[in-house]
There are 2 protein chains.
Amino acid sequence: MSELSERKKLILSAVVEQYIKTGEPIGSKELLALTGMSVSSATVRNEMSELSAMGYLEQPHTSAGRVPSQKGYRYYVDNLMKDREIDELNRRMIEAGISSAAGDPERLIAQAGEVLAELTKCACISTAPGGDAVIIRKIELVPVGIHSAMLVLLTSNGILKSRLCRLDCELTVKILEEFYNIVDSCIIGKPASDISVVSMQTAAASVDSDPFAMLPLMAAVCELARSMEDSRIILGGSSNLFSHKDYGVGAIELFEFLNKREPLSAVISGIKEPLDVIIGKENLYRQLENSSVIVAKYSVGGRDSGSIGLIGPTRMDYESIIPSVKYLTDIVGRMITQAIEE
Amino acid sequence: MSELSERKKLILSAVVEQYIKTGEPIGSKELLALTGMSVSSATVRNEMSELSAMGYLEQPHTSAGRVPSQKGYRYYVDNLMKDREIDELNRRMIEAGISSAAGDPERLIAQAGEVLAELTKCACISTAPGGDAVIIRKIELVPVGIHSAMLVLLTSNGILKSRLCRLDCELTVKILEEFYNIVDSCIIGKPASDISVVSMQTAAASVDSDPFAMLPLMAAVCELARSMEDSRIILGGSSNLFSHKDYGVGAIELFEFLNKREPLSAVISGIKEPLDVIIGKENLYRQLENSSVIVAKYSVGGRDSGSIGLIGPTRMDYESIIPSVKYLTDIVGRMITQAIEE
DNA sequence: ATTAGCACTCTTGCTTTTTGAGTGCTAAAA
DNA sequence: TTTTAGCACTCAAAAAGCAAGAGTGCTAAT
């Protein structure tokens, strides 16, 4: 597939990089100045013309310069781009930005997304650590009033959710006791995905005293367990999208698409490589056809646990962003591993 | 100040209402058709001309109809607008929208804001219940690993915050015990605003064993107490602003302004009336000069506890939105009161 | 105090012109 | 065969011009 002549590679690469920098189509003269090649502009024009025919470049209209096509970006990312280390500056920013949230995995991921988004002027979607085997570690029921209590649920990946719930009857010591019995026998140590409405109902029914007292509590447990799954997706810095004139008013549509949340998990999950770049129309969703997505997985304790994805215009600075994403997933993985395993 | 003739009032009122409806400037003929007055268009023109001179109306350009000026809106809101009940439909929507979050004050406010924003196509900023006298009701420290524990803090207004924290040494029973001692004696029952870094440090120093073990925990308590204050502001439905063509591209700037969060508390606090309308340039911030803000306070157990504010274009439907806001603050206040006091 | 009539002003939408960057092609040169 | 100079051609974007229409403000009559 790498059948391009060296000169073509040089030209393609220059077009991509310059276009990323300026956003303007590149003409033959400009290109000449840029690369410092010692041929005439006519020669360059011929080469560009061929690159167009091959599908790597395209022109907005007949009398304009060239811009990279989707295929052009792809070739650039796969073959031409240098594999840089992360900028010193970016590294510092990332470290400074996330250090404050070091101990708390959920906050850490949220913070990391925020920092990365700010740094790259992209939107960031990420998943809190989790994966297949989230098990419930601990449940506490803290009485708040006579009829209400705060239910707190803690999972093996260090995520905590809470919810205030109201009882129909008074919250007696007996009820508390029975609640903890059920919890200890049927919930603790189980995967969160196993907690279903029916399993909770049968558990509640097995209780000595009034089982109806237990129901609202069990329902709340279910709801929390469920929300563990749902709320894993975190969106950060989505308003950065407005700063790119590439999108124009389309930014609004994209913004609203991202804010729907539901489709996002499909966007960043289901990659096989540790880092993947999806360019333009390669995306599943029409709404992303002018965007590129860079996703990387992070792993906790040696196993894949979540991923962090960046969304920005196709014309994004791949060469500098990719190392940042790589670095971030790396460090975040290490930090969470450290926080959880003692 | 109510020195306008009846006819002028009728005209001003019609201009405001029609402009709110269509967004187009109103000409003399259209106005005539609208009000059904039995005079000629020339007369109406004279009246409009006077209203312009008085500052209640203005024209985008010489040959266009009139639109309300800021002063015009102000007069309309203060004197002309009918004091309606909330629409049956809106009431239903609100009730349906917030019922699911009934038990949990923080979620309730967030949800209420979301619903109100959706209903009115405005952005909604609100403050979670709190006010001066938030006291700390309960603190739990749930061990997670040997070196880390989840700190959970619950306040009198039903808000719960949690944070995972790491210790430098092992988390022994002794440390737990001493921690709870400090908590019981120095923290529980105190207002959150009293929890300062120094008071925590002295508390930690008073402990038998290694006081350094306690420090990270105390720091975390501080941080949580502080975050009670900071995170009270909730922003909802801000992307609705994009649906108003009034803002044009200015919507982006406004959106970014709102997303900064910091200035928002100044926007919705500091009102004296139970419900206040701030129109256009009356706002403190330049970024809001084309917006109006409707703020209402809600009270929990008889005392002011927080507020809910709507932000939309100056050309918003005051007459129908105001009753909705009034109703929502009312019902939210009642619900939280019920949830907290048993 | 109203009203009819009319001249005047400006936006809006449309078409036309101009300009300039950039190409593609051809024919000559290397 | 590859490169280059030269030139005609294309097309978007900016500028300029034009016609229509809505709406006003003023004046003089009612």
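Numbers restart at 1 for each chain; the letters A, B, ... are given by sequence-line order, proteins then strands.
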Atom pair distance, as rounded to whole Å: [atom1] in [X] and [atom2] in [N]:
X: A:E47; N: D:dT3; atom1: CD; atom2: P; result: 7 Å
X: A:R45; N: D:dT4; atom1: CZ; atom2: P; result: 11 Å
X: A:M48; N: D:dT3; atom1: CE; atom2: P; result: 16 Å
X: B:Q59; N: D:dA22; atom1: CD; atom2: C1'; result: 12 Å
X: A:M37; N: D:dT3; atom1: CE; atom2: P; result: 11 Å

I need the residues from residues 25-34 of chain B with at least one non-hydrogen atom less than 4.0 Å from DNA chain D; give them sorted by number, or say none.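 Per residue number, the list reads B:G27, B:S28.
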Proximity to DNA chain D (any heavy atom under 4.0 Å), residues of residues 16-24 of chain B only: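 Of all residues in residues 16-24 of chain B, none places a heavy atom under 4.0 Å from DNA chain D.
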Kindly calculate the angle separating the two end axes of the helix from C:dA1-D:dT30 to C:dA30-D:dT1, each obtained from five base pairs, and round it to 10 degrees.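 End-to-end axis angle for the helix from C:dA1-D:dT30 to C:dA30-D:dT1: 20°, rounded to 10°.
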Listed by chain and number, what are the side-chain contact (heavy atoms from CB on, under 4.5 Å) partners of [X], not counting sequence neighbours?
X: B:S28; result: B:S41, B:V44, B:R45, B:M48
X: A:E88; result: A:R91, A:R92
X: A:S265; result: A:I233

Going by the side chain to side chain contact (heavy atoms under 4.5 Å, CB included) test, name the single residue among A:N90, A:L116, A:V115, A:I86 that passes it with A:L328.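 Of all the options given, the one that passes is A:L116.
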Once salt bridge (Lys or Arg N to Asp or Glu O under 4.0 Å) is applied, do any residues pair with B:E47, and if so which ones, sequence neighbours excluded?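 Only B:R7, B:K8 meet the salt bridge (Lys or Arg N to Asp or Glu O under 4.0 Å) criterion with B:E47.
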According to salt bridge (Lys or Arg N to Asp or Glu O under 4.0 Å), who are the partners of B:E289, at least two apart in sequence or on a separate chain?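 None.
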Respond yes when some side-chain nitrogen or oxygen of A:T62 is under 4.0 Å from OP1 or OP2 of D:dC11, and no when none is.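 Yes, A:T62 has a side-chain N/O under 4.0 Å of OP1/OP2 on D:dC11.
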Do the side-chain N or O atoms of A:S63 get closer than 4.0 angstrom to the phosphate oxygens (OP1, OP2) of D:dC11?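 Indeed not, no polar side-chain atom of A:S63 lies that close.
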Close side-chain approach of B:Y75 to B:L4, heavy-atom, < 4.5 Å: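 They are in contact (side-chain heavy atoms under 4.5 Å apart), so the answer is yes.
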So where does chain A start and stop touching DNA chain C, 5' to 3', when the test is distance under 4.0 Å to a non-hydrogen atom?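 Taking any atom under 4.0 Å from a heavy atom of chain A, the span is C:dA21 to C:dG24.
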Which residues share a side chain to side chain donor-acceptor pair (under 3.5 Å) with B:E256, sequence neighbours left out: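 Side chain to side chain donor-acceptor pair (under 3.5 Å) list for B:E256, sorted by chain: empty.
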Looking at residues at least two apart in the chain, or sitting in another chain, which of them share a side chain to side chain donor-acceptor pair (under 3.5 Å) with A:S49?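 Per chain and number, A:S49 pairs via side chain to side chain donor-acceptor pair (under 3.5 Å) with no residue.
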Please report the interatomic distance OG(A:S13) to CG(A:L80), rounded to the nearest 0.5 Å.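 If we round to the nearest 0.5 Å, A:S13:OG and A:L80:CG are 5.0 Å apart.
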Out of curiosity, A:M316 CE to A:I294 CD1, how far, rounded to the nearest 0.5 Å?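 These two atoms lie 4.5 Å from each other.
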A:F257: what forms a ring pair (Phe, Tyr, Trp, His ring centres under 6.0 Å) with it, not counting sequence neighbours?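 In terms of ring pair (Phe, Tyr, Trp, His ring centres under 6.0 Å), with neighbours along the sequence ignored, A:F257 is linked to A:Y285.
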Can you tell me if A:S126 uses its side chain to pair, donor with acceptor, with the backbone of A:S307 under 3.5 Å?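 Side chain of A:S126 to backbone of A:S307, a donor-acceptor pair under 3.5 Å: no, none is there.
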By nearest heavy atom, map B:R7 and A:R66 onto DNA chain C; which one lands nearer the 5' end?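 Here B:R7 is the residue nearer the 5' end.
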